[in-house]
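Worksheet for the structure shown next.
Keep in mind it's a predicted model, so treat the numbers as computed, not measured. Numbers here are sequence positions counted from 1.
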Amino acid sequence: MTTQDGPWALEGPRDSVSFQVPAALRARARETYRRTAEAEDDRTWAHFLAKALLREVERREELYNAGNRYPVADVRLRPGRGNRRLRTAPGAEA
């Protein structure tokens, strides 16, 4: 895995995340984890999910922020659909 922090990007204090995904995606992801965890050095189901999340975060930082991290703001996300006011894609107002 190539990350801004190397292999330590997934270390440190933990926080709980709760969200819903389509049942078919969950089943597909669980089976992929079950069949590949050892080959991919996934320590746990949570580790597998954290690695997937990290890859998407880094992809978006690269695409929309020149590969730099966004400053962390302690702001609650709006529940439900979308967070259009937080959008910072090219051409979007911050």
Should the ring pair Tyr33 and Trp45 be called parallel, tilted or perpendicular, given that the plane angle runs from 0 to 90° and is split at 30 and 60? perpendicular
Show, in sequence, the C-alpha distance, side-chain angles and deciding distance for Glu62 and Arg59, and conclude whether the salt bridge (Lys or Arg N to Asp or Glu O under 4.0 Å) test is met. CA-CA 5 Å; Glu62 183 64 35; Arg59 184 191 72 81; over 6 Å; no
Spacing of CZ belonging to Arg30 relative to CG belonging to Leu49, to within rounding of 0.5 Å: 10.0 Å
Between NZ on residue Lys51 and CG on residue Leu10, distance to nearest 0.5 Å: 8.0 Å
Go through it in stages, so that I can follow the logic: the residues are Glu58 and Arg55, the test is salt bridge (Lys or Arg N to Asp or Glu O under 4.0 Å), and I'd like the CA-CA distance, side-chain angles, deciding distance and then a yes or no. CA-CA 5 Å; Glu58 290 179 336; Arg55 285 190 179 114; over 6 Å; no
Which residues share a salt bridge (Lys or Arg N to Asp or Glu O under 4.0 Å) with Arg43, sequence neighbours left out: Glu11
Indicate, with yes or no, if Phe19 and Leu25 share a hydrophobic cluster defined by side-chain heavy-atom contacts under 4.5 Å among Ile, Leu, Val, Met, Phe, Trp and Tyr. yes
Please report the interatomic distance NE2(His47) to CG(Leu54), rounded to the nearest 0.5 Å. 9.5 Å
Please check if atom CD in Glu38 has more than 12 non-hydrogen atoms from other residues, nucleotides or ligands closer than 6.0 Å. no
